[in-house]
Amino acid sequence: DEDVERIKADTRQLKNDSVQSTRNALRLAREAEETARLTLNKLGDQSEKIGSTERYLDQSKANTARAEDRTGEIKQLNRSIFIPVVTWDKEGKRRKQEMRDAERRAAEQEERDLAMKDVRESQNRIGRAASYGLENNDGWGGGSGRMRTAQQMEERKRYRFADTKEEEDEDDHLEDELDDNLNQLGDVTKRLHALATAQGDELDGQNKRLERLGNNVVKLDDRLGRATNNLRRL
C-alpha cells in the first residue's frame, strides 16, 4: 500500500510539474511572439520611411531635370547675344524635345509606380503575418476550448490514480490544462514561424529597395555636379 501511495503521489507531482512547465513555456512563447510583432511593426515603419525617402529623391530628380533645362536655355540665350543663331527645322527640333520630355516623364512615373508597388507589397506582407492564426483564436486566452473525445477521456483513466471524485476532478483539470497549453504552444509556434518568415522576406525586400535607392542617389549626385559646373561656366 505504501508503494502504491508513493506512486500516486509521484504521478500527481509529475503532472503538476508538467503543467507548470507548459505554463512557463507558453509564457515565454507569448513574450517571443509579442517581441516578434513589435519588430515586424518597426519594419513596417521603416518601409514607410524608405518610401518617403524615395518620393523626396524623385522630387529632387525632377527639380534637377528642370534646372538642367533652364541652364540650357540660358546658355543658348547668352550665345545668341553675340552670335546670331539660325535654327533650321524648328518643328522637328520641337518634336524631338517633346519626345525627350515625354520619355523622361514616363521614366519618372515608372520609378514612382515601382516605389508604390514596393510599399504596397510591404504593407500586405506585414498585414498577412500580423493576422496569421488570429481569425478564431487570439492566442491569449486561458484555454483553447477544444472538445475532448471519448477515446481521450478513456485513455486518461488508464493513468489515473484517484480514490475520490474530488481527486478525479483535480486530475481532469490538470490534464485539460496540460492539453490546452500544449495546443496553444503549437499555435504560437506556427504564428512565430509566420512572423519570422515575414520578417526575413521584408528585410530582403527592403535591402533591394535600399540598394536601388543608393544607386539613384549616386546618379543624382553626378547630375547635380554636372549641373553646378554648367551654371558656373555661364
Side-chain angles (χ1 to χ4, degrees), residues 1-50 119 121-208 210:
D1 292 341
E2 292 181 0
D3 291 340
V4 172
E5 291 300 322
R6 187 179 67 254
I7 292 174
K8 289 182 180 180
D10 290 343
T11 301
R12 281 194 293 270
Q13 185 61 43
L14 179 61
K15 288 184 178 181
N16 282 315
D17 291 344
S18 297
V19 169
Q20 187 59 46
S21 296
T22 58
R23 288 172 182 169
N24 293 334
L26 187 57
R27 174 179 55 81
L28 293 174
R30 286 170 172 169
E31 291 175 358
E33 182 180 3
E34 181 65 20
T35 301
R37 292 187 183 280
L38 291 174
T39 302
L40 193 61
N41 289 335
K42 290 181 180 179
L43 285 175
D45 294 339
Q46 181 171 286
S47 175
E48 294 291 340
K49 292 178 180 178
I50 293 174
V119 171
E121 288 181 349
S122 175
Q123 291 172 340
N124 292 336
R125 180 164 48 241
I126 292 174
R128 286 194 301 270
S131 62
Y132 177 83
L134 301 182
E135 291 82 0
N136 298 317
N137 177 25
D138 62 7
W140 305 100
S144 66
R146 290 176 172 83
M147 297 296 294
R148 317 298 174 196
T149 65
Q151 182 179 0
Q152 289 175 322
M153 298 302 293
E154 189 63 31
E155 288 178 354
R156 285 186 182 181
K157 295 179 181 179
R158 296 170 56 188
Y159 305 99
R160 177 182 294 165
F161 301 95
D163 297 325
T164 64
K165 182 67 167 60
E166 182 179 356
E167 290 179 351
E168 288 184 4
D169 292 341
E170 180 182 357
D171 191 77
D172 283 339
H173 176 74
L174 289 174
E175 292 282 355
D176 287 344
E177 184 177 356
L178 183 61
D179 287 345
D180 288 342
N181 290 345
L182 291 174
N183 286 329
Q184 289 187 68
L185 275 171
D187 293 339
V188 174
T189 301
K190 292 177 183 178
R191 292 197 295 272
L192 280 172
H193 180 268
L195 291 168
T197 301
Q199 289 177 18
D201 293 341
E202 182 63 22
L203 286 172
D204 290 340
Q206 290 190 17
N207 283 335
K208 292 178 182 178
L210 289 171

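We number each residue from 1, following the sequence as shown.
The side chain to side chain donor-acceptor pair (under 3.5 Å) with Gln13 is formed by just one residue from the set Asp10, Asp17, Thr11; it is Asp17. When Lys208, Lys42, Arg128, Arg125 are each tested for a salt bridge (Lys or Arg N to Asp or Glu O under 4.0 Å) with Glu202, only one passes: Arg125.
Between atom CG of residue Leu26 and atom OG of residue Ser21 there is a gap of 12.5 Å, rounded to the nearest 0.5 Å. A distance of 9.5 Å separates CD of Gln184 from OG1 of Thr22, quoted to the nearest 0.5 Å. Annotation: the span from Ser18 atom OG to Glu177 atom CD amounts to 11.5 Å, rounded to 0.5 Å. With values rounded to the nearest 0.5 angstrom, Asn181 atom CG is found 7.5 Å from Arg23 atom CZ. How far CG of Asp187 is from CG of Leu182: 11.0 Å, rounded to the nearest 0.5 Å. The NZ atom of Lys15 lies 10.0 Å from the CD atom of Glu170; values are rounded to the nearest 0.5 Å.
The backbone N or O of Gly205 sits nowhere less than 3.5 Å from a side-chain atom of Glu121 that would complete a donor-acceptor pair. The backbone N or O of Leu185 sits less than 3.5 Å from a side-chain atom of Thr189, completing a donor-acceptor pair. Side-chain atoms of Gln199 come within 3.5 Å of backbone atoms of Ala36 as a donor-acceptor pair (strictly under, hydrogens ignored).
By the side chain to side chain donor-acceptor pair (under 3.5 Å) test, Gln123 pairs with Glu48, sequence neighbours left out.
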Using the side-chain contact (heavy atoms from CB on, under 4.5 Å) rule, take Ile126 and Ser122 through it: C-alpha gap first, then chi angles, then the decisive distance, then the call.
CA-CA 6 Å; Ile126 292 174; Ser122 175; 3.9 Å; yes

Leu174 and Leu178: CA distance, side-chain angles, deciding distance, side-chain contact (heavy atoms from CB on, under 4.5 Å) verdict:
CA-CA 6 Å; Leu174 289 174; Leu178 183 61; over 6 Å; no

Run the side-chain contact (heavy atoms from CB on, under 4.5 Å) check on Glu31 and Leu28 step by step: do they pass?
CA-CA 5 Å; Glu31 291 175 358; Leu28 293 174; 3.8 Å; yes

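Counted by atom type alone, Asn16 and Gln20 present zero donor-acceptor pairs between their side chains at under 3.5 Å.
Heavy atoms only, all atoms of each residue included: Lys190 and Tyr132 are closest at O-CE2, 3.6 Å.
Using a 4.0 Å cut-off between a side-chain N of Lys or Arg and a carboxylate O of Asp or Glu, Arg30 and Glu34 do not qualify as a salt bridge.
Using a 4.5 Å heavy-atom cutoff, the side chains of Asn24 and Arg27 are in contact.
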